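Notes for the one structure printed next.
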There are 2 protein chains.
Amino acid sequence: MVDQQLHKGKTDGLRSPRLAPVSQVACTKCGLGKLCLPATMDSPQLKTFEKIVHKTRPLQNGDHLFRVADDFSDIYAVRSGCFKTYVVDAAGREQVLGFHLAGELLGLDAIYQGVHVSNATALGTSSVCKLQYDEVTTLSQQMPELQNHMFRLLSRRISDLSAAAADHSADERMAAFLLSLASRFKARGYSSKEFNLAMSRSDIANYLRLATETVSRVLARFQKKGLIKVDRKLVQLLDKDALCKAAGTATW
Amino acid sequence: MVDQQLHKGKTDGLRSPRLAPVSQVACTKCGLGKLCLPATMDSPQLKTFEKIVHKTRPLQNGDHLFRVADDFSDIYAVRSGCFKTYVVDAAGREQVLGFHLAGELLGLDAIYQGVHVSNATALGTSSVCKLQYDEVTTLSQQMPELQNHMFRLLSRRISDLSAAAADHSADERMAAFLLSLASRFKARGYSSKEFNLAMSRSDIANYLRLATETVSRVLARFQKKGLIKVDRKLVQLLDKDALCKAAGTATW
DNA sequence: CGTCCCCTTGATTAATCTCAATTAGTGTGG
DNA sequence: CCACACTAATTGAGATTAATCAAGGGGACG
């Protein structure tokens, strides 16, 4: 079940944009909350929206949510855990496109062709909500807030991918990656100073277009310099300012 | 100030003057055709749609359509010519995000934050149609085809960026780039075997995360191997199959 | 308690970048 | 129309980053 394929890659936002105005209400059915619901949605609207949200049973580590060439009919919102999306090229090389935390959407790249063009697999036990795409578009016709929200979510993914496209050094990419995770955890109410990496070193490496050995070395270097502390999956950010500088970006 | 150094190398050069021959139904106002209009749009709908499309005067080489931090109110559809989008990081390094041909949209990454997060500049004399974003969303409420079309366009950009994310060799990226251009020219009714590069070597290099010298060398290598013929801006693809193999992708 | 896989660390190699120099267009002004 | 200046593109040589190759550690789990 756990596919064994090669890794080499990168994607999903090395950098997270500022969060949208958020909803105070949450979808009771799946816990979708301020991160992925329109800010302007009121209770009746939420009720309507909930009708198209379907809970699914949790997936285990390595289970696939969808694969390339699968028919596209649903988009997914991560409810808990973490997913990675990836593609495999003609030579069999894997490329990780992104890591997706709770509240983030999966399958947006399938809208264009109506077929999945990437694979999604759970990193550890994880769960999603399923939203039938037809229903989303239909409901969007009646709810301008939802339509706008969808546009914004798609746009955000474009921004994130653009940010990840940059040609930076191994240190810069690693620093940016850690800061991106930090900011996303923070937005979810978790600590932005200390968190667990759901993904393996080789997944990180692949995502960042590095070798796994390089990821190890960079992390070791950062630790030696006092920027972070790493112990297996657990990461603590000790000097965020220095990390920002290392990332070569203005602010985080 | 940034401007001058960024755009020191624009060359107008040789570019195809004729307009892209597009769809059966075309927006009379700006020539938008099937490349950027919903296929299912009928004449009355087209008429309505045309109301929100606004022609603008052509831009000259190096002129900016928008810049980072500009207010976002419009999206743009390239009518003729070519644009490049790019960002500049804290260290002043430029990163080209994409090249945009006739029929392709610009500014989609600005929807999320309501502010432009990239810069767009004309490569040679080029023109766009302006679509006020408010009007697009409003009209999308009444026209499901338009809404779906917008979703698809955003999704396509996500797919494109994902494809560009892969960690490939210089040869692979260059080959893929040429094939991508070829297929886009073909979709516009131009030759897919022979075309002019609107962008400089350094823009290509930057986009592909390579040094300009590397781009030169790879092109020279391809030419020596008989895959292509290059003369300044003019490129001829002599052996597409071999190029596909060089790109490491299944098909183009 | 032993195996397996993931991760780390070291040594070497290779791809690509950087630096440098040359050629070739492009445009300007006399 | 030509000389000059400037920029783009190419080519060569050496430097450098990160990959690859190789060898151990260290948990996790049965």
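All values reported here derive from a predicted model rather than from experimental measurement. In the text below, chain A, chain B and the rest are named by the order of the sequence lines, each starting its count at 1.
Salt-bridge annotation for B:Glu104 and B:Arg188: present, with a side-chain N of the basic residue lying under 4.0 Å from a carboxylate O of the acidic one.
Crowding of A:Lys233 atom NZ: a count of heavy atoms from other residues, nucleotides or ligands under 6.0 Å exceeding 12.
Residues of residues 215-228 of chain B having a heavy atom closer than 4.0 Å to DNA chain D, listed by number: B:Ser216, B:Arg217, B:Ala220.
Of the side-chain N and O atoms in B:Lys233, one or more sit less than 4.0 angstrom from OP1 or OP2 of D:dA9.
Atom CG of B:Asn61 and atom P of D:dT7 are 14 Å apart (whole Å). Whole-Å rounding puts the A:Arg201 CZ to D:dA18 P distance at 18 Å. For the pair B:Met174 CE and D:dA9 P, the interatomic distance rounds to 12 Å; values are reported in whole Å. For the pair A:Asp167 CG and D:dT17 P, the computed distance is 14 Å after rounding to whole Å. Taking atom CZ of A:Arg93 as the reference point, atom C1' of D:dA19 lies 14 Å away to the nearest angstrom. The distance between atom CG of B:Asp171 and atom P of C:dT16, rounded to the nearest whole Å, is 7 Å. In this entry the distance linking CG of A:Asn196 with C1' of C:dC7 reads 16 Å, nearest Å. For the pair B:Glu172 CD and C:dT16 C1', the interatomic distance rounds to 14 Å; values are reported in whole Å.
For the pair B:Thr214 and A:Glu213, both in contact range of DNA chain D, the more 5′-proximal nearest nucleotide belongs to B:Thr214.
Among the nucleotides D:dA9, D:dA18, C:dT18, the one closest to any side-chain atom of A:Ala170 is D:dA18. Of the listed nucleotides (C:dT16, C:dC7, D:dA18), C:dT16 has the atom at the smallest distance from the side chain of B:Leu210.
Residues B:His64 and B:Asp70 bring no donor and acceptor atom of their side chains to less than 3.5 Å of each other. For the residue pair B:Asp89/A:His168, the side-chain donor-acceptor check at 3.5 Å is satisfied.
Residues satisfying the side chain to side chain donor-acceptor pair (under 3.5 Å) test with A:Asp171, not counting sequence neighbours, are A:Arg221. By the side chain to side chain donor-acceptor pair (under 3.5 Å) test, B:Ser118 pairs with B:Asp109, sequence neighbours left out. Checked against side chain to side chain donor-acceptor pair (under 3.5 Å), A:Lys240 has the following partners two or more places apart in sequence or in another chain: A:Ser192. Here A:Phe185 pairs with A:Phe195 under the ring pair (Phe, Tyr, Trp, His ring centres under 6.0 Å) rule; sequence neighbours left out.
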What's touching nucleotides 22-25 of chain C from the protein side, N or O pairs under 3.5 Å?
none

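Among the candidates B:Thr85, B:Thr56, B:Val128, the single residue satisfying the side chain to side chain contact (heavy atoms under 4.5 Å, CB included) test with B:Leu65 is B:Val128.
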